Amino acid sequence: MTERNMPKAFDSQSREKEIFHLWEKSGLTNPDNMRKYLEDKNYDVKSTYTITLPPPNANGDLHLGHVCGYSFHDVIGRYKRMTGHPVLLLPGKDHAGIQTESVFSKKLEEEGLSKTDLGRDKFYKEAYKFCMDNMKNARIQEQRIGLSADYSREFFTLDPRLTRIVYETFYRMYMDGMVYRDKRIINQCPHCMTALADVDTEHEERRGIFAYIIYPFEKEVDRKLAKKKFGVEGITVATTRPETMLGDTAVAVNPKDERYKEFIGKNVILPIMDRPIPVIAEESTEMEMGTGAFKITPAHSPIDFEIGKKHKLDVINVINEQGLMSGDIPERFKGLETKECSKALCAELAKLGLLVKIENIKHDVSICERCKTPIEPIISKQWYLNVEPLAKRALEELRSGNVKVMPAGQQKALEHFYENIQPWCISRQLWWGQQIPVWYSGSKKLYDWLQEHPGMTKKDYEKETGEKVRGNGELRLSDTQPVARRGEVWKQETDVFDTWFSSGQWPFSTLGGEDAVDFQKYYPTQMMIHARDILFWWSARMIMLGLYRTGKAPFSTIFLTGMIMSSDGSKMSKSKGNGITPTAIFDKYGADALRLWYYSDALPGSNAPLREEKIKGNRNFINKIWNASRFILMNIDNAELENIGEYRVTETERTKQNREHIEAVKNYLEKYQFNLGAEKIREFFWHTVCDKWIEEIKEEIKDEPNCSTVRLEKLGELLYILKENLKIMHPFIPFVTEAVWQELVELKLAKGILMEQQIQ
RNA sequence: GGACGGCUGGCUCAGCUGGUUAGAGCAUCUCGUUUACACCGAGAAGGUCACAGGUUCGAGUCCUGUGCCGUCCACCA
């Protein structure tokens with residue numbers, strides 16, 4: 001036994017940083033360098049292999065899901081690199097639209113400032129700086145898992161180089177007639193004063209009211225009939241939001257409803273407003289709920305908006321962005337909060353004898369994810385994309401097998417999504433993002449007004465609104481402000497693009513767009529790996545936009561990861577306090593142990609509850625590798641080092657089995673079956689290499705003198721088996737295997753770094 | 001309401017195109033060893049593969065139905 005300078009246990013914490021640095025220094029995460037390396041060593045250079053990494057938010061810490069997700073990217077990347085492919089793992093960081101806007105606004109608030117204090121330009125600049133600072137943090141966190149990405153190509157999603165490409169896509173789509181403006185109900189948070197995407201809202205059960213209000217019929221004859229039938233001279237509607245009645249433009253009943261059949265097409269008088277509105281037939285109304293008759297407010301309810309569109313109803317706005325009553329309503333209600341208005345209205349209705357009753361109910365309301373304020377649905381004009389033709393093409397890619405989804409079940413879900421594709425609203429009312437490159441001469445309002453009033457002019461607009469406008473309402477696409485004519489002012493669109501519009505272009509924008517050298521070399525990419533829950537938001541869009549801009553699907557395989565749940569199977573969340581940080585796991589068990597656990601427990605698309613005992617079990621295995629290696633090296637006498645280094649291994653039963661094992665693992669990796677691969681390397685190294693072969697060889701050399709042929713033969717064989725196992729295990733558990741490799745290098749039993757070795 | 005998935009030993013899950021006594025890790029139990037590793041070794045116990053039908057010489061694996069659970073989307077006047 002020779003004392004080797006190896007501690008009894010593998011100390012992941014102290015070694016990981018140093019090893020990562022070794023890889024960084026090699027420069028081989030850059031595929032151009034890797035190609036050169038392979039050429040210099042006379043290896044057969046295979047096709048490039050590219051994975052564009054999903055960018056984590058630049059605004060905060062990474063969670064376990066991010067970090068573990070990267071272990072999938074990395075295992076593939078390392079394996080491909082070790083089998084002759086110049087590999088590009090392209091990292092980035094996301095500006096994360098609304099989320100960062102909210103995080104950064106909160107930060108400002110803590111400093112006693114607000115968004116509006118700074119103004120749009122300053123806010124943007126400061127937020128940019130904030131993200132740049134934070135990015136370093138995110139980068140360090142993702143590197144701890146051992147991610148062998150090419151940081152010389154790292155991108156931030158708001159990088160001007162990317163924005164240029166995103167703008168170009170928009171211009172082309174506009175020219176191709178795919179872009180249009182349309183009204184839509186948006187989720188307005190009256191507190192945050194911003195529009196929210198559906199995903200930024202939550203649902204919560206709150207106490208509310210259900211008010212029964214009588215809308216009297218316009219004509220005497222109907223009133224009489226109603227009196228006979230219902231005991232009142234009108235139709236009774238039930239509503240949870242009485243205040244929206246000021247914007248009602250119809251009453252809907254189910255055409256099958258015997259109670260109301262004969263009133264369809266008749267008018268009722270909207271109380272307070274004294275406006276006649278029709279009773280319409282609408283199949284979707286539920287006869288059992290309330291009275292079976294419902295007031296329709298297209299401006300302030302998504303479903304009413306749809307019904308309104310179908311029946312060509314007027315849209316009357318009565319609530320503004322601050323959640324206050326406004327518009328064409330009696331003066332006494334203007335400026336009231338919706339709740340106050342509701343109370344005031346109910347009181348007046350009661351006086352008029354038109355309020356039947358108020359029930360107290362509990363119902364689900366949409367609330368703002370951040371401030372928990374109930375959402376105010378309001379009408380607004382938005383930018384839309386007709387993506388139907390692109391969805392058709394994307395569907396063909398899936399059906400022809402050009403793009404595959406793993407697990408296969410999710411492929412069906414994606415096909416379903418494309419088959420039922422809806423127009424894509426690409427505008428957001430935020431400051432943080434890529435401002436839409438559209439300029440209006442005069443004002444956006446004028447532009448929209450002219451669009452809606454064909455044949456009318458700017459003069460008509462000014463007459464109707466009483467506003468003076470400097471410009472003619474023309475629209476122009478441009479990155480920069482157009483040159484103004486005399487008396488004209490150009491104003492840029494204030495909306496920004498939906499984050500997904502730019503991240504949907506991520507695989508080609510990060511390669512510099514169609515003309516760039518990198519694009520030629522590395523596009524289309526081979527693999528896209530991300531969490532299952534954003535399949536429709538992200539991959540679905542990347543395929544469509546990739547096809548549009550490059551004519552090719554941006555990747556051939558989508559590999560979906562599940563979520564890491566807390567040990568009881570529930571979602572990890574900050575609010576519940578059951579979250580475990582990646583740092584805690586790294587510090588306790590090391591990156592390799594976490595990786596190996598994730599490979600075996602987190603199958604594509606399914607969630608994995610985090611179980612520390614299992615990570616601990618894998619940590620034990622990592623240590624086993626370290627100790628087996630240590631033992632082998634301790635057995636080689638210093639005098640034998642040189643001879644063993646030169647030793648040519650002859651075929652034995654063990655080396656044969658070893659080769660078969662490596663083939664099997666390669667096979668799993670080729671098929672992206674990481675769970676089976678991880679299980680296999682663990683099982684084989686522990687129970688065959690350690691428990692059997694090392695024990696056998698211990699016996700076989702027991703009585704042999706130093707430097708004897710038998711010792712050299714047996715230890716040489718063992719060393720060969722160790723080295724081959726280190727190689728095949730390296731993609732899964734890069735740190736410990738590289739650490740051992742460096743011990744071999746130290747003793748001149750190996751050369752270079754393990755990351756660059758080729759698996760034969 | 002729509003789409004998709006899951007239901008296999010105490011727990012978390014494997015099990016490819018159907019084929020001999022259904023596997024792993026963790027937990028449990030017994031024994032051993034402390035001179036590579038107690039972050040160790042040897043061994044054991046534990047499952048009528050959700051339920052009901054069907055196809056088949058043969059089904060955890062294919063088909064139909066039922067139940068329960070999960071995820072995403074939509075809706076909640």
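First the proteins, then the strands, lettered A, B, ... as listed; each starts at 1. Every value quoted in this text rests on a predicted model; they were computed, and no experiment measured them.
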Within the 3.5 Å criterion, strictly below it, is a donor on [X] or [Y] matched to an acceptor on the partner's side chain?
{"X": "Tyr589(A)", "Y": "Glu612(A)", "answer": "yes"}
{"X": "Asn618(A)", "Y": "Arg682(A)", "answer": "yes"}
{"X": "Asp248(A)", "Y": "Tyr215(A)", "answer": "yes"}
{"X": "Asp498(A)", "Y": "Trp424(A)", "answer": "yes"}
{"X": "Lys614(A)", "Y": "Ser600(A)", "answer": "no"}
{"X": "Glu282(A)", "Y": "His311(A)", "answer": "yes"}
{"X": "Glu738(A)", "Y": "Gln742(A)", "answer": "yes"}

Taking [X] for the side chain and [Y] for the main chain, is one N or O donor matched with an acceptor at less than 3.5 Å?
{"X": "Arg619(A)", "Y": "Asp592(A)", "result": "no"}
{"X": "Trp693(A)", "Y": "Leu718(A)", "result": "no"}
{"X": "Arg399(A)", "Y": "Leu395(A)", "result": "no"}
{"X": "Arg532(A)", "Y": "Thr561(A)", "result": "no"}
{"X": "Arg241(A)", "Y": "Thr338(A)", "result": "no"}

Spacing of the [atom1] atoms in [M] and [N] (rounded, Å):
{"N": "C49(B)", "M": "G18(B)", "atom1": "C1'", "answer": "15 Å"}
{"N": "G70(B)", "M": "A27(B)", "atom1": "P", "answer": "29 Å"}
{"N": "G53(B)", "M": "A45(B)", "atom1": "P", "answer": "32 Å"}
{"N": "G58(B)", "M": "G1(B)", "atom1": "P", "answer": "39 Å"}
{"N": "U64(B)", "M": "G6(B)", "atom1": "P", "answer": "14 Å"}
{"N": "G60(B)", "M": "U20(B)", "atom1": "C1'", "answer": "16 Å"}
{"N": "C13(B)", "M": "C4(B)", "atom1": "P", "answer": "23 Å"}
{"N": "U8(B)", "M": "A52(B)", "atom1": "P", "answer": "15 Å"}

Which part of the nucleic acid, if any, lies within contact of [X], taking any heavy atom under 4.0 Å across all strands shown: a base, the sugar-phosphate backbone alone, or nothing?
{"X": "Lys624(A)", "result": "base"}
{"X": "Asn420(A)", "result": "nothing"}
{"X": "Lys680(A)", "result": "nothing"}

* Asked: So does Trp686(A) get a side-chain nitrogen or oxygen closer than 4.0 Å to the phosphate oxygens (OP1/OP2) of C37(B)?
  ->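 So the side chain of Trp686(A) is outside the cut-off, no N or O lying under 4.0 Å from OP1 or OP2 of C37(B).
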* **Below 4.0 Å: OP1/OP2 of C39(B) and any side-chain N or O of Lys8(A)** => no
* Taking only residues two or more places apart in sequence, or in another chain, which ones meet Glu397(A) in a salt bridge (Lys or Arg N to Asp or Glu O under 4.0 Å)? ->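 If we apply the salt bridge (Lys or Arg N to Asp or Glu O under 4.0 Å) test to Glu397(A), skipping adjacent residues, there are no hits.
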* Test Phe536(A) against Tyr418(A) for ring pair (Phe, Tyr, Trp, His ring centres under 6.0 Å), laying out the working first. => CA-CA 9 Å; Phe536(A) 305 134; Tyr418(A) 282 134; 8.6 Å; no
* Structure fact -> Shortest non-hydrogen pair, Ala394(A) vs Met544(A), comes out as CB-CG, 4.1 Å
Considering only side-chain heavy atoms of [X], which listed nucleotide, [options], is closest?
{"X": "Lys698(A)", "options": "C39(B), C26(B), A36(B)", "answer": "A36(B)"}
{"X": "Arg630(A)", "options": "C37(B), C72(B), C4(B)", "answer": "C37(B)"}
{"X": "Arg682(A)", "options": "G25(B), G2(B), U71(B)", "answer": "G25(B)"}
{"X": "Lys412(A)", "options": "C73(B), A36(B), G5(B)", "answer": "G5(B)"}

* Near-strand residues of residues 614-623 of chain A, defined as heavy-atom separation under 4.0 angstrom from RNA chain B -> Lys614(A), Arg619(A), Asn620(A), Asn623(A)
* **Positions of residues 295-307 of chain A (non-hydrogen atom under 4.0 Å from RNA chain B), listed by number** =>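 Those residues are Lys295(A), Ile303(A).
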How long is the line joining [atom1] of [X] and [atom2] of [N], in whole Å?
{"X": "Glu695(A)", "N": "C37(B)", "atom1": "CD", "atom2": "C1'", "result": "11 Å"}
{"X": "Ile632(A)", "N": "C37(B)", "atom1": "CD1", "atom2": "C1'", "result": "12 Å"}
{"X": "Gln410(A)", "N": "U71(B)", "atom1": "CD", "atom2": "C1'", "result": "8 Å"}
{"X": "Ile421(A)", "N": "A74(B)", "atom1": "CD1", "atom2": "P", "result": "12 Å"}
{"X": "Phe685(A)", "N": "A24(B)", "atom1": "CZ", "atom2": "C1'", "result": "19 Å"}
{"X": "Glu683(A)", "N": "A24(B)", "atom1": "CD", "atom2": "C1'", "result": "9 Å"}

* Toward the 5' end of RNA chain B, which comes first, Asp601(A) or Cys690(A), by nearest nucleotide? ->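 Nearest-nucleotide comparison on RNA chain B picks Asp601(A).
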* Asked: Using Watson-Crick and G-U wobble pairs whose two distances are both under 3.5 Å, how do you write the pairing of RNA chain B as dot-bracket, with | for links to another strand?
  -> (((((((..((((.....[...)))).(((((.......))))).....(((((..]....))))))))))))....
* Asked: If you draw a 6.0 Å radius around CG in Asn5(A), do more than 12 non-hydrogen atoms from other residues or ligands fall strictly inside?
  ->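 Counting other residues, nucleotides and ligands, CG of Asn5(A) stays at 12 neighbours or fewer.
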Under 3.5 Å, which N/O atoms of the protein pair with N/O atoms of nucleotides 9-11 of chain B?
unit_1, atom_1, unit_2, atom_2, d
C11(B), O2', Arg611(A), NH1, 3.3
C11(B), O2', Arg611(A), NH2, 3.3

* To do: Determine the sole option in Phe735(A), Trp626(A), Phe621(A) for which the ring pair (Phe, Tyr, Trp, His ring centres under 6.0 Å) test with Phe10(A) is passed.
  =>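 Going through Phe735(A), Trp626(A), Phe621(A) one by one, the ring pair (Phe, Tyr, Trp, His ring centres under 6.0 Å) with Phe10(A) is satisfied by Trp626(A) alone.
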* Charged N to carboxylate O below 4.0 Å: is that the case for Arg711(A) and Glu704(A)? -> no
Under 3.5 Å between N/O atoms: give me all the protein pairs with nucleotides 14-19 of chain B, atom names plus distance.
none

